[in-house]
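All ligand and atom numbering here is 1-based and tracks the order in the structure.
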Amino acid sequence: MKVYLDNAATTPLAQEVLEVMLPFFNEKFGNPSSIHQYGREAKAAIEKARKNIAQMLNAAPAEICFTSGGTESANMILQGAVYNLGVKRIITSPIEHHCVLHSAQSLSEKVRIEYVELDEKGNMRYEHLEKLLADDTHKTLVCLMHANNEIGNITDIERVGALCSKFNAYFFSDTVQTVAHYPLDLQKIKVDFITGSAHKFHGPKGTGFVYMRSGILLKPILQGGSQERNLRAGTENITGIIGMEKAMSLCYSNLNEDMDYIQGLKSYLLQSIKTIMPDVAVNGNDKTESLYTVLNLTFPPKEHAEFLIYNLDMNGIAASTGSACSSGSDAGSHVLKALKIPADIGSVRFSFSRYNTIAELELVTEKIKEMFSVKVE
Ligand code: PLP
C-alpha cells in the first residue's frame, strides 16, 4: 500500500475537478481575449468561476485576480504595496513561507523590514505587533500568514486585522493553507489581501488568486496584454481557473464533514504514535489553533531518526520535513529553526486530506514501530 501524507505540499486532483477541466483542453479551447464565439465562451467561463470564487469568500468578483498560485500572488502584493501604495515598512514573521520572506528581502533597499516576536510554540506575540505598529507611523504592510504550512499554527487574523485597521496599516494574510479548508468571510475580517493556490485543495497546480480589497490597486509584475483588468498580463490559464473553482466548491460544499473527518485522522495518528512512543513531541500548537490537516512531530533522538523520511519513503509512506519548496536545500527548515528545534533531526510533517484513511494510518504507525524497534533490539 502507498500512503500519501504530504498534503500540505500538494494534494491529488479530485476526479470531479479533472472532469470539468477536460473540455477546456480541446472543445472549448478559445482564448478569452478573442472576440469571436470561441473566445466569448472561454471568457464567460472564467467570469463565472470568478463570481463563484468571490461568492465563497464573501467578496466581489472584481476583487479577485487570477494568478499562477501562492508565490506569484505574494510577490504581486509585496511589490505592489511598495511600488504602488507607498509602503515604507513591512512587518512580517520569521516563519512565513519563503514567497513572503524572500519577496520582502528583495525589497529591503526600499523598505524597512521588521519581524514580530514569537512565543516558544511559534505563536505570534500580538502585543509585540501592536507595539511595532504604534512605534512608527510610516505607511506599513503587515504580512502574517493565516496558518503555517510546516507546523500548522493558526493566527487570529480577525485580531490582526483589527490592529492593522487601528493603526491604518495594510494587512496581507497568506491564506494558501486555509482557503477551502476554513470558512473565510472577507466582509468580517479586516484584511486587504489574501492569496489562494488550487493545488492545496485538490485543484490543479499553477493556478491561484489574489484577493485585493476594492479600492486598492496593485501594479502588474508582468508586462503585456490587458488581461485581468490590466493586473496580470498573459493568456489566462483557463483549465486551471475552471478546475480551481470546482475544487473550491467541492471543499466548501462538504466543509464541516471533511473538517471533522480529517481532524479525526490527525488525532488518531498522534494518539497511536504516542502509544508506542510517549516521548514524541508535537512541534507548534498541539491542540487548539492548529491546522487540522497538519501534524509536525519530533521523534526521540534514536538511531535512524534522521533517516525517518527516507525510511518512511522506502516503506511507501510519503511525508516531509517541512516546506516542499525548501526540501533539497541544505538550509533546513527556517520554521523549526525559529522555534529553536534542532535542524530537522527526527522531525516529520504529516499532512492529511479527505482521501486518507485510518487503515493507512495504522500502517504508518506499524512501520514507525518497526523502524524504531530496530534500534531497541
Ligand atoms: N504560502 C504557503 C503558506 C504555502 O504553503 C505555499 C506552498 O507551499 C505557498 C505560499 C506557495 O504556493 P504555490 O505553490 O501556489 O506557489
Check this for me - ligand 1, [X], N or O atoms closer than 3.5 angstrom, yes or no?
| X | answer |
| --- | --- |
| D174 | yes |
| K200 | yes |
| A147 | no |

What pairs of residues pass the salt bridge (Lys or Arg N to Asp or Glu O under 4.0 Å) test when at least one of them lies in residues 90-102, not counting sequence neighbours? none
Using side-chain contact (heavy atoms from CB on, under 4.5 Å), reason through E114 and I90 one step at a time and then give a plain yes or no. CA-CA 6 Å; E114 292 175 349; I90 292 174; over 6 Å; no
Please could you name the atoms of ligand 1 that [X] approaches to less than 4.0 Å, counting only its heavy atoms?
| X | value |
| --- | --- |
| S197 | 13 (P), 15 (O) |
| G69 | 15 (O) |
| C99 | 10 (C) |

Would you say F167 has more than 12 foreign heavy atoms packed within less than 6.0 Å of its CZ?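 Yes, the 6.0 Å shell around CZ holds more than 12 heavy atoms from other groups.
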After noting the C-alpha distance and the side-chain angles of L269 and F350, does the key distance pass the side-chain contact (heavy atoms from CB on, under 4.5 Å) rule? CA-CA 9 Å; L269 187 63; F350 297 102; 3.8 Å; yes
Take Y126 and R159 through the side-chain contact (heavy atoms from CB on, under 4.5 Å) test and state the conclusion after the steps. CA-CA 8 Å; Y126 296 92; R159 187 168 171 188; 3.4 Å; yes
Once you restrict to heavy atoms under 4.0 Å, what part of [X] touches ligand 1? Side chain, backbone, both or neither.
| X | value |
| --- | --- |
| M145 | side chain |
| H199 | side chain |
| V176 | side chain |

Measure the shortest side-chain to side-chain distance between T11 and K200 over non-hydrogen atoms and say whether it is less than 4.5 angstrom. no
Does S320 reach the main-chain N or O of D6 with its side chain, forming a donor-acceptor pair under 3.5 Å? no
